[in-house]
Engineer: 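My questions will all concern the structure given below.
Note that the structure is predicted; figures quoted are calculated from it, not measured.
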Amino acid sequence: MANAPKTSTIKKEKSNSTSNVFASLAIIICFIIGALVWRYIMGDPNNFVDGNPENRPVEGNYLGMVYHAGYVVPVLLGLFLMVWVFAIERFIVISRASGKGNVGNFVRKIQSLIGGGNIDSAISECDKQQGSVANVIKAGLLKYKDVSANPALDTEQATVAIQKEIEEATALEMPMLEKNLTIMATLVSIGTLTGLLGTVTGMIKAFSALATGGAPDSAQLANGISEALINTATGIATSAIAIVFYNIFTSKIDTLTYSIDEAGFSIVQTYAASHK
């Protein structure tokens, strides 16, 4: 048992390293895809008058209009893709952490088995459930068996040892659930700010073109403003989706943490009650 925490720590370090590599590659790839979509799909000559991307977009062609919104567009597309990539990644990780069955039902079953003194059966249920919640509870149950077999420990020392084991297991499991959520939280702000930057630069471009073009052209001005506002719309959409996903995942993690705390409390209290 003494080597178990070291093995778990090594596994978590490898998992963290893999997650960091994934995050770095995902960010780079999203920006590359955003640039390619902007250049070759939105910038397709068929989207513009006379097949020239320098000309105005074909009437009603939205892709051409977005292309003319400027070089901020591929950045915004990259950010938009990042939101979905990390949302899917977090959904997979958190689903695995929950295990194979309903977490609430699992915790209630564990509490029932612990209350009946069926520690081995509770451990077997953890093996069936799998996931981060089951791993933490299993660590607590194994420590429960260890301290029960050690007559040198009094009740207070044993409960402290069980609680410490649960806390250490939680410290190993929970950080992976929150991994990359900081990226999504950052996208909430970056998306809007990048969109506003694109709008400001687009407006500057539109009014500069009018200033050097002689007589004001209201149609040209309106077209330039609409192209600039595309950046704002894309940025706000990116931020809005990021906020929704961030809150969903935060809520799920809180639920898992509460389940661990609830089961851990039951383990400690059951031991204290049965070893007075």
Engineer: Please name the pair of heavy atoms, one in C126 and one in I110, separated by the smallest distance, quoted to 0.1 Å.
Structural biologist: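 Heavy-atom minimum between the residues: SG-CD1, 4.0 Å.
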
Engineer: Could you tell me if the side chain of P53 sits less than 4.5 Å from the side chain of Y67, heavy atoms only?
Structural biologist: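 The answer is yes; the side chains approach within 4.5 Å.
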
Engineer: Just wondering, do L187 and F80 contact through their side chains at under 4.5 Å, heavy atoms?
Structural biologist: no

Engineer: Tell me, do V85 and C30 make a side-chain contact under 4.5 Å, heavy atoms counted?
Structural biologist: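 With C-beta onward as the side chain, the pair touches.
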
Engineer: Closest approach of L141 and A122, non-hydrogen atoms and distance?
Structural biologist: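 The answer is CD1-CB, 3.6 Å.
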
Engineer: Do V73 and L81 sit in one hydrophobic cluster, given that two such residues count as connected whenever their side-chain heavy atoms are within less than 4.5 Å of each other, even indirectly?
Structural biologist: yes

Engineer: To the nearest 0.5 Å, tell me how far L197 CG sits from I190 CD1.
Structural biologist: 10.5 Å

Engineer: Would you check if the side chain of N47 reaches a backbone N or O of M42 as a donor-acceptor pair within less than 3.5 Å?
Structural biologist: yes

Engineer: Treating Ile, Leu, Val, Met, Phe, Trp and Tyr as nodes and any side-chain heavy-atom pair under 4.5 angstrom as an edge, say whether L77 and Y62 lie in one connected cluster.
Structural biologist: yes

Engineer: Has the side chain of N55 got a donor or acceptor atom that lies under 3.5 Å from a matching backbone atom of F48?
Structural biologist: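 Not a single qualifying donor-acceptor pair exists.
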
Engineer: For the pair T192 (side chain) and S189 (backbone), establish whether a donor and an acceptor sit closer than 3.5 Å, ignoring hydrogens and angles.
Structural biologist: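 Here the side-chain-to-backbone pair does not exist.
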
Engineer: Might you point out which heavy atoms bring I137 and A263 nearest each other, and give the distance in Å?
Structural biologist: CD1-CB, 3.4 Å

Engineer: How close do V107 and S259 get, counting heavy atoms only, and between which atoms?
Structural biologist: CG2-CB, 3.7 Å

Engineer: Passes side-chain contact (heavy atoms from CB on, under 4.5 Å), V147 versus K143? Steps please.
Structural biologist: CA-CA 6 Å; V147 297; K143 178 59 69 172; 3.9 Å; yes

Engineer: Please determine if K128 and E125 form a salt bridge, counting it only when a charged side-chain N lies under 4.0 Å from a carboxylate O.
Structural biologist: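 E125 and K128: salt-bridged.
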
Engineer: If you apply the rule side-chain contact (heavy atoms from CB on, under 4.5 Å), what do you find for L25 with V21, and how did you get there?
Structural biologist: CA-CA 6 Å; L25 288 177; V21 171; 3.9 Å; yes

Engineer: At their closest point, which heavy atom of G70 faces which heavy atom of P74, and how far apart are they?
Structural biologist: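 In this case the closest contact between G70 and P74 is O-CD, 3.8 Å.
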
Engineer: When rounded to the nearest 0.5 angstrom, what is the spacing between CD1 in I119 and NZ in K145?
Structural biologist: 9.0 Å

Engineer: If you define the side chain from C-beta out and look only at heavy atoms, does anything of D127 sit under 4.5 Å from I123?
Structural biologist: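 Contact flag for D127/I123 side chains = yes.
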
Engineer: Can a donor-acceptor pair be found, under 3.5 Å and without considering hydrogens, that links the side chain of N231 to the backbone of G195?
Structural biologist: no

Engineer: Are any side-chain N or O atoms of T234 and backbone N or O atoms of I230, one a donor and one an acceptor, separated by less than 3.5 Å?
Structural biologist: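 Yes, the answer is positive, given that a donor and an acceptor are paired below the 3.5 Å cut-off.
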
Engineer: T232 side chain to L196 main-chain N or O, any donor-acceptor pair under 3.5 Å?
Structural biologist: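 No, the answer is negative, given that no donor and acceptor are paired below the 3.5 Å cut-off.
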
Engineer: Taking Q129 for its side chain and S98 for its backbone only, find out whether a donor-acceptor pair lies under 3.5 Å.
Structural biologist: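 Yes; judged by distance alone, with no hydrogens or angles, the pair exists.
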
Engineer: What distance separates F22 CZ from K179 NZ, expressed to the nearest 0.5 Å?
Structural biologist: 12.0 Å

Engineer: Strictly distance-based, threshold 3.5 Å: is any side-chain N or O of N61 a donor or acceptor partner for the main-chain N or O of G64?
Structural biologist: yes

Engineer: Would you give the length of the straight line joining atom CZ of F86 to atom OG1 of T186, rounded to the nearest 0.5 angstrom?
Structural biologist: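 These two atoms lie 10.5 Å from each other.
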
Engineer: Scan T257, I260, D261 and name whichever one has a side chain to side chain contact (heavy atoms under 4.5 Å, CB included) with V136.
Structural biologist: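 Looking at T257, I260, D261, the match for V136 under the side chain to side chain contact (heavy atoms under 4.5 Å, CB included) is I260.
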
Engineer: Please tell me whether F245 and I243 are part of a single hydrophobic cluster in this structure, the criterion being side-chain heavy atoms less than 4.5 Å apart.
Structural biologist: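 F245 does not cluster with I243.
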
Engineer: Is it possible for you to say whether V49 and M65 belong to one hydrophobic cluster, with membership spreading through side-chain heavy-atom contacts below 4.5 Å?
Structural biologist: no

Engineer: For the pair F106 and K100, evaluate side-chain contact (heavy atoms from CB on, under 4.5 Å) and give the outcome as yes or no after the intermediate values.
Structural biologist: CA-CA 10 Å; F106 166 69; K100 294 184 176 180; over 6 Å; no

Engineer: Just by modelled atom types, is the N247 backbone N or O under 3.5 Å from a matching donor or acceptor in the S251 side chain?
Structural biologist: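 Side chain of S251 to backbone of N247, a donor-acceptor pair under 3.5 Å: no, none is there.
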
Engineer: Tell me which one of V244, L181, L177, N180 satisfies side chain to side chain contact (heavy atoms under 4.5 Å, CB included) with F249.
Structural biologist: L181

Engineer: For the atom pair CE (M184) and CZ (R90), what is the distance rounded to the nearest 0.5 Å?
Structural biologist: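 Rounded to the nearest 0.5 Å, the CE-CZ separation comes to 10.0 Å.
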
Engineer: So do the side chains of K252 and L256 get within less than 4.5 Å of each other, counting heavy atoms only?
Structural biologist: no

Engineer: Applying side-chain contact (heavy atoms from CB on, under 4.5 Å), run through T255 and V103 and close with a yes or a no.
Structural biologist: CA-CA 9 Å; T255 299; V103 175; 5.8 Å; no

Engineer: Hey, mind stepping through N52 and D50 against side-chain hydrogen bond (donor to acceptor under 3.5 Å, both in side chains) and telling me if it holds?
Structural biologist: CA-CA 5 Å; N52 184 359; D50 298 330; over 6 Å; no

Engineer: Can you check whether A97's main-chain N or O pairs, donor with acceptor, with S132's side chain at less than 3.5 Å?
Structural biologist: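 It does not hold such a pair.
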
Engineer: Give a yes or no on whether I41 and Y71 share a hydrophobic cluster (residues Ile, Leu, Val, Met, Phe, Trp, Tyr; joining criterion: side-chain heavy atoms under 4.5 Å apart).
Structural biologist: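 Yes.
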
Engineer: When rounded to the nearest 0.5 angstrom, what distance separates OG in S148 from CD1 in I162?
Structural biologist: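 Output value for this atom pair is 6.5 Å.
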
Engineer: Looking at every non-hydrogen atom in both residues, tell me the closest pair between A242 and V188 and how far apart they are.
Structural biologist: CB-CG2, 3.7 Å

Engineer: With a 4.5 Å limit on heavy-atom distance, are the side chains of V268 and Y144 in contact?
Structural biologist: no

